[in-house]
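Okay, so here's the structure we're looking at.
Remember, it's 1-based here, ligands and their atoms both numbered in the order they're listed.
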Amino acid sequence: MSQRKAELAANLAAIQSRIDAAATTCGRAPSEITLVVVTKTFPVEDIKLLYELGVRNFGENRDQEGSIKAPALPKDCIWHFQGQIQSNKIKSILTWANCIHSLDALKHAAKIAEIGSNVQILVQVALEQVLRADRGGVDPATLDDFLERVIDGFKLNVVGLMAVAPLEARPKEAFDELSKIRTGLVHKWPQLQQLSAGMSNDFEAAIAAGATLVRVGSSILGSRSAPL
Ligand SMILES: *Cc1c(COP(=O)(O)O)cnc(C)c1O
């Protein structure tokens, strides 16, 4: 085994055992939680090593990267797009992504509907007290209306909600808020089963709040030179 593969294997095992422990602590089955390994900025060679180590779910933030990496891996990979969506990239994103975590604009929903894609979609919710344009997400106050348009109107395949913990607040409170929001909506839209929350620094808090997808990059692959 190469040194890099051994390093990835050790990091992966450490994260998986923390996921299992966090799940068990709050009485959940570890199998309820899918680890998405965020490979943005890391080379295809690393992704191939992770594939050999059993990883199938990969997360990318940019179409420019995902559209090159996804075709280089076997077909049984599941690719998650979790970055800010740009209108002119949607068509390309839909050629490689199996799941989009970051829908937050009706114009993007319209475009996905126009293309006729059945891609799995999570709607990103803004948990900031003060909404920050650079981090994205739908204001919780308008989420019901947004979902009505996207699910009932555009008939998109929305499977859940996603959030990034705010910088100002403690992650536990933010993720509890996200979970509460989902609980309030799932009666109306039972398809909202997925909760994508938690990154390297806060995935345990997210699991305690009910996350079904955790997105972990740097604690498996190492720190990124670009702050993407
Ligand atoms: C980069 C990124 C992650 C992974 O972050 P790490 O801190 O490296 O684990 C997760 N989610 C989103 C939306 C990201 O942009």
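- Checking G136, S200, G83 against atom 6 (P) of ligand 1, the nearest heavy atom belongs to S200.
- Note: no N/O pair closer than 3.5 Å links S219 and ligand 1 by distance alone.
- L161 pairs in a side chain to side chain contact (heavy atoms under 4.5 Å, CB included) with only one of the listed residues (L178, L122, V138), which is L178.
- Here is the list of ligand 1 atoms found below 4.0 Å of a heavy atom in K40: 1 (C), 2 (C), 3 (C), 14 (C), 15 (O).
- Every atom of ligand 1 is numbered from 1 in the order shown, and the set under 4.0 Å from a heavy atom of R215 is 4 (C), 9 (O), 10 (C), 11 (N), 12 (C), 13 (C).
- When the options H80, Q82, Q124 are ranked by their closest heavy atom to atom 12 (C) of ligand 1, first place goes to Q82.
- Using a 4.0 Å cut-off to heavy atoms of R224, the atoms of ligand 1 that qualify are 1 (C), 5 (O), 6 (P), 8 (O).
- Numbered from 1 in the order shown, with element, the atoms of ligand 1 that lie under 4.0 Å from a heavy atom of S218 read 6 (P), 7 (O), 8 (O), 9 (O).
- Between N201 and ligand 1, not a single N/O pair is under 3.5 Å apart.
- Remark: of the listed residues Q82, Q120, H80, H80 is the sole one forming a side chain to side chain donor-acceptor pair (under 3.5 Å) with H101.
- Within ligand 1, the atoms closer than 4.0 Å to a non-hydrogen atom of N61 are 14 (C), 15 (O), numbered from 1 in the order shown.
- No N or O atom of V216 sits closer than 3.5 Å to an N or O atom of ligand 1.
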